**Student:** 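Have a look at this one before I ask anything.
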2 protein chains.
Amino acid sequence: MTFFTEQPVTAADTTFFQLRKDIVEGDIVAGSKLSETQLSTKYEVSRAVIREAINRLEASNLVERKANVGARVVSLSPQGLIELYQVREALEGMGARLAAKNMSADEIADLQQLLDSHSKKVESGESYYQEAGDVDFHYRIILGSKNQHLISTLIDGIYHLVRMYRVQLGMAGPRVTTAFDEHKHVVRAIANRDAELAEMLMRRHITYSMKNIETKL
Amino acid sequence: MTFFTEQPVTAADTTFFQLRKDIVEGDIVAGSKLSETQLSTKYEVSRAVIREAINRLEASNLVERKANVGARVVSLSPQGLIELYQVREALEGMGARLAAKNMSADEIADLQQLLDSHSKKVESGESYYQEAGDVDFHYRIILGSKNQHLISTLIDGIYHLVRMYRVQLGMAGPRVTTAFDEHKHVVRAIANRDAELAEMLMRRHITYSMKNIETKL
DNA sequence: ATCACTTAAAGTGTCGACAATCTTGCTACT
DNA sequence: AGTAGCAAGATTGTCGACACTTTAAGTGAT
C-alpha cells in the first residue's frame, strides 16, 4: 500500500476508483442497483464514463450486470466469502511458493524488517491499525512472486472484494496475535528458499483466517 | 464446450466474442495495435461498442490498454506462458480438490463415461481432435468445484489465453497418450473423494503439460 | 376480483460529433 | 549535423441525443 499507487489519468479512472471505494466501504449498499443516469448526475460526468467505470467494476467482480436491465452491487453471503477464500488460498499459496524462488535477498531482508517493526509495535502495546500491516505483508509476498498474472488478479481484483467483506461484515482486522507467528513462519520458509513449505504455511494461514471469520458469523 | 454456450444479446456482446475469436486464433496478430476507428468500420458498429468490447478484452488479459494511446493485443512470450501455467496450476489444483468434495455421484459417473469414450476412440486409432476432449475434461472438473469465482476466472479468462498460446505457438493439442492416464488418475481420486490427492494429481498433470510445451520451444 | 393486454415511463444500448491528448514531421537555432 | 521546439494530423476520451428494451401501471374483459 505504501509503494504502489494507481494514478488516475482519465475521468473514467477517477470515477472507477471513487465508485470502487464507495462500494468497498459500504457507502453504496451491497446488492443495491447502480443507475447510470443517477450516478452520472452524482459524480458529474457523462453516462459514457459511468458505463466504463461500471464495466471495470464488473471485471473486478464487485458488480453484476444484466443486459438491458442494469448493474447491481454484488450481495455478500457466507458462501461467497468461502468461495473467495478458496481462490485466495490457491493463489496466495502459489504466490508464496514463487516468492521463495524469486524474491531477491534484499526484498526478503526488507520483509523481515517489516515484520520486526510490526511485532515491536504490537509488543509495546501501541495501538496500531493492524489491517494495514497485514495487507502490506501479503502485498510484498505477492509482488515477490514476480508473476504478473498472479499480481494483478490478487491486487486489482480479489483484495478489494476481501476488503469489502471485511469492512461490511464488521471484522476490523485479522487476528492480531496469532497471525504474526504465522507470518513469521512464512517468511522464514521464504528466507530458506523452501518453496514447498512456504506454500503450505501460507495456505494454512489463509484457511485459519477464514475459519476465524466463520466463527464470527 | 458441449453444454454451456454464451449467448450474445447486445451488439457489444457479439463484437466482443468476434474480436476474442479473431485474437485467440491469430487472425489479429499478437502484439498488434487495435485502432478503434479501424475496427469500427471493419465490424460495422460504432466506436462505443468497440470500446466496450476492448474493455472486456482487457479484463480478459487478452489486450493491454494505455490511456490516450490505445490498446494492443498482448504479445506472447515463453515467460508469459510459464506465468499463465503457474496460475492455472494453482486454480485447477484447487478446482480438483473442491470437485472431489462437491461433485455429485451422477456428475462423477458422467465424467468417467466421458473418459471411457475418449479412450475407446483413441485405442481404435480413430482420428479424433483431442483438444476438444481435453477441454471438456477440464471444464467438467472446474464446473464440479461449484465455486463461481474459480469457474469464471478460468473459463471466461485463463482458458482463452491458454488457447491463444496453443493456437499461435502451433501446438495442436496436448499429449494424447500420457494425458489420458493422468486424467484417469485424477478422476479416480475424485471418485474416491480424496481431495488432497485429486489436487496433487491435477497439479502434476498441468506441470507435465507445461514442461511438454517448454521442450517444444 | 383476477387475468390478459395495452401503453406510458424509465432505463440501458448505440450513435455521431466535439474536446483533449499523443504522435509525427518540419522548422529554426546552436 | 544535431537537437529543441512547434505545428499539423491522427487517435483516444467525453459528451448529449436518439433507439430500443424492460418494467409497471392502467384499462378492459371474463
Side-chain angles (χ1 to χ4, degrees), chain A residues 5-23 27-75 152 156, chain B residues 5-23 27-75 152 156:
Chain A
T5 44
E6 297 167 305
Q7 268 277 353
V9 14
T10 76
D13 288 340
T14 38
T15 308
F16 168 60
F17 292 141
Q18 185 64 48
L19 259 175
R20 186 174 64 184
K21 180 168 179 281
D22 292 346
I23 289 174
D27 298 336
I28 298 179
V29 181
S32 65
K33 188 166 189 311
L34 294 177
S35 160
E36 294 181 0
T37 53
Q38 192 175 316
L39 294 173
S40 169
T41 61
K42 176 176 176 184
Y43 293 102
E44 298 180 329
V45 287
S46 80
R47 262 186 61 217
V49 343
I50 293 289
R51 278 177 70 81
E52 171 155 351
I54 288 181
N55 282 335
R56 290 200 223 167
L57 290 170
E58 190 191 12
S60 309
N61 291 112
L62 290 171
V63 155
E64 286 169 350
R65 261 183 70 191
K66 265 189 239 172
N68 288 313
V69 173
R72 309 191 78 85
V73 179
V74 296
S75 47
S152 66
D156 296 338
Chain B
T5 44
E6 296 166 307
Q7 269 277 351
V9 13
T10 76
D13 288 340
T14 39
T15 308
F16 168 59
F17 292 141
Q18 185 65 47
L19 260 174
R20 187 175 62 186
K21 179 167 179 281
D22 291 346
I23 289 174
D27 297 336
I28 297 179
V29 180
S32 65
K33 187 168 189 312
L34 293 178
S35 160
E36 294 181 0
T37 52
Q38 192 175 315
L39 293 174
S40 170
T41 61
K42 178 176 177 185
Y43 292 102
E44 299 180 327
V45 286
S46 81
R47 263 186 60 218
V49 342
I50 295 289
R51 277 177 71 81
E52 171 155 353
I54 289 181
N55 281 336
R56 290 200 223 167
L57 290 170
E58 190 192 11
S60 309
N61 292 112
L62 290 170
V63 154
E64 286 169 350
R65 261 183 73 190
K66 265 189 238 171
N68 289 313
V69 173
R72 309 192 78 84
V73 179
V74 296
S75 46
S152 67
D156 297 338

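If you're wondering where the values come from, they're calculated on a predicted model, not measured in any experiment. When reading the values below, keep in mind they use all heavy atoms of this one structure, side chains included, and skip hydrogens, waters and symmetry mates. First the proteins, then the strands, lettered A, B, ... as listed; each starts at 1.
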**Student:** Which part of the nucleic acid does A:Ile50 contact within heavy-atom distance under 4.0 Å: base, sugar-phosphate only, or nothing?
**Tutor:**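 Result for A:Ile50 = nothing.
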**Student:** Could you write out each protein N or O paired with an N or O of nucleotides 17-23 of chain C at a distance under 3.5 Å?
**Tutor:**
{"from": "C:dT21", "atom 1": "O3'", "to": "B:Asn68", "atom 2": "ND2", "distance (Å)": "3.4"}

**Student:** Hey, does B:Val29 have a side-chain heavy atom less than 4.5 Å from the side chain of B:Val73?
**Tutor:**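 No. Closest side-chain heavy atoms not under 4.5 Å.
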**Student:** Any side-chain N or O of A:Ser46 below 4.0 angstrom from OP1/OP2 of D:dC15?
**Tutor:**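 Yes, A:Ser46 has a side-chain N/O under 4.0 Å of OP1/OP2 on D:dC15.
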**Student:** Given side chains that start at C-beta, do those of A:Asn61 and A:Val74 come closer than 4.5 Å, heavy atoms only?
**Tutor:**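 No, too far: nothing below the 4.5 Å cut-off.
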**Student:** As a quick check of understanding, evaluate side-chain contact (heavy atoms from CB on, under 4.5 Å) for B:Thr14 and B:Val45, giving each step before the final call.
**Tutor:** CA-CA 11 Å; B:Thr14 39; B:Val45 286; over 6 Å; no
**Student:** What is the distance from atom CZ of B:Arg20 to atom CD1 of B:Ile28, rounded to the nearest 0.5 Å?
**Tutor:**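 Spacing of CZ (B:Arg20) from CD1 (B:Ile28) equals 13.0 Å.
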**Student:** Can you check whether A:Arg51 has a side-chain N or O nearer than 4.0 Å to OP1 or OP2 of C:dG13?
**Tutor:**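 Checking C:dG13 against A:Arg51, a side-chain N or O does come within under 4.0 Å of OP1 or OP2.
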**Student:** Measuring from atom CD of A:Gln18 to atom CD1 of A:Ile23, what distance do you get when rounded to the nearest 0.5 angstrom?
**Tutor:**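 Answer rounded to 0.5 Å: 10.5 Å.
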**Student:** Answer yes when A:Arg51 and B:Glu52 have at least one side-chain N-carboxylate O distance shorter than 4.0 Å, and no when they do not.
**Tutor:**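 Salt bridge: yes.
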**Student:** Nearest-Å distance, CD (B:Glu44) to P (C:dT14)?
**Tutor:**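 Interatomic distance, CD of B:Glu44 to P of C:dT14: 15 Å.
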**Student:** Rounding to a whole Å, what distance do you find between B:Ile54:CD1 and D:dT12:P?
**Tutor:**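 That distance rounds to 8 Å.
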**Student:** How many Å lie between CD on A:Glu36 and P on C:dG11, as a whole number?
**Tutor:**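 After rounding, the gap between these two atoms is 11 Å.
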**Student:** B:Ala48 or B:Lys33: which one's nearest nucleotide on DNA chain D is closer to the 5' end?
**Tutor:**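 Final value for this comparison: B:Lys33.
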**Student:** Heavy-atom distance under 4.5 Å between the side chains of B:Asp13 and B:Arg56, does that happen here?
**Tutor:**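 B:Asp13 vs B:Arg56: side chains touch.
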**Student:** Kindly compute the distance separating OG1 (B:Thr37) from CD1 (B:Ile50), expressed to the nearest 0.5 Å.
**Tutor:**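 Separation between the atoms: 9.5 Å.
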**Student:** Would you mind reading off the distance between A:Glu52 atom CD and D:dT14 atom P, rounded to a whole angstrom?
**Tutor:**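 Distance check: A:Glu52 CD to D:dT14 P gives 7 Å.
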**Student:** To the nearest angstrom, how far is B:Arg56 atom CZ from C:dG13 atom C1'?
**Tutor:**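 Atom-to-atom, B:Arg56 to C:dG13, this comes out as 11 Å.
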**Student:** Starting at CZ of B:Arg72 and ending at P of D:dT11, how long is that distance when rounded to a whole Å?
**Tutor:**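 After rounding, the reported distance stands at 13 Å.
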**Student:** Could you list by number each residue of residues 7-23 of chain B showing a heavy-atom separation from DNA chain C of less than 4.0 Å, or answer none if no residue does?
**Tutor:**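 Within residues 7-23 of chain B, the residues near DNA chain C are B:Thr10, B:Ala11, B:Ala12.
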**Student:** Roughly how many Å is it from CG in B:Leu39 to P in C:dC15, rounded to a whole number?
**Tutor:**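 My rounded result for the distance is 14 Å.
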**Student:** Decide yes or no for B:Leu62 and B:Leu19: does some side-chain heavy atom of the first lie under 4.5 Å from some side-chain heavy atom of the second?
**Tutor:**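 Side-chain contact under 4.5 Å: no.
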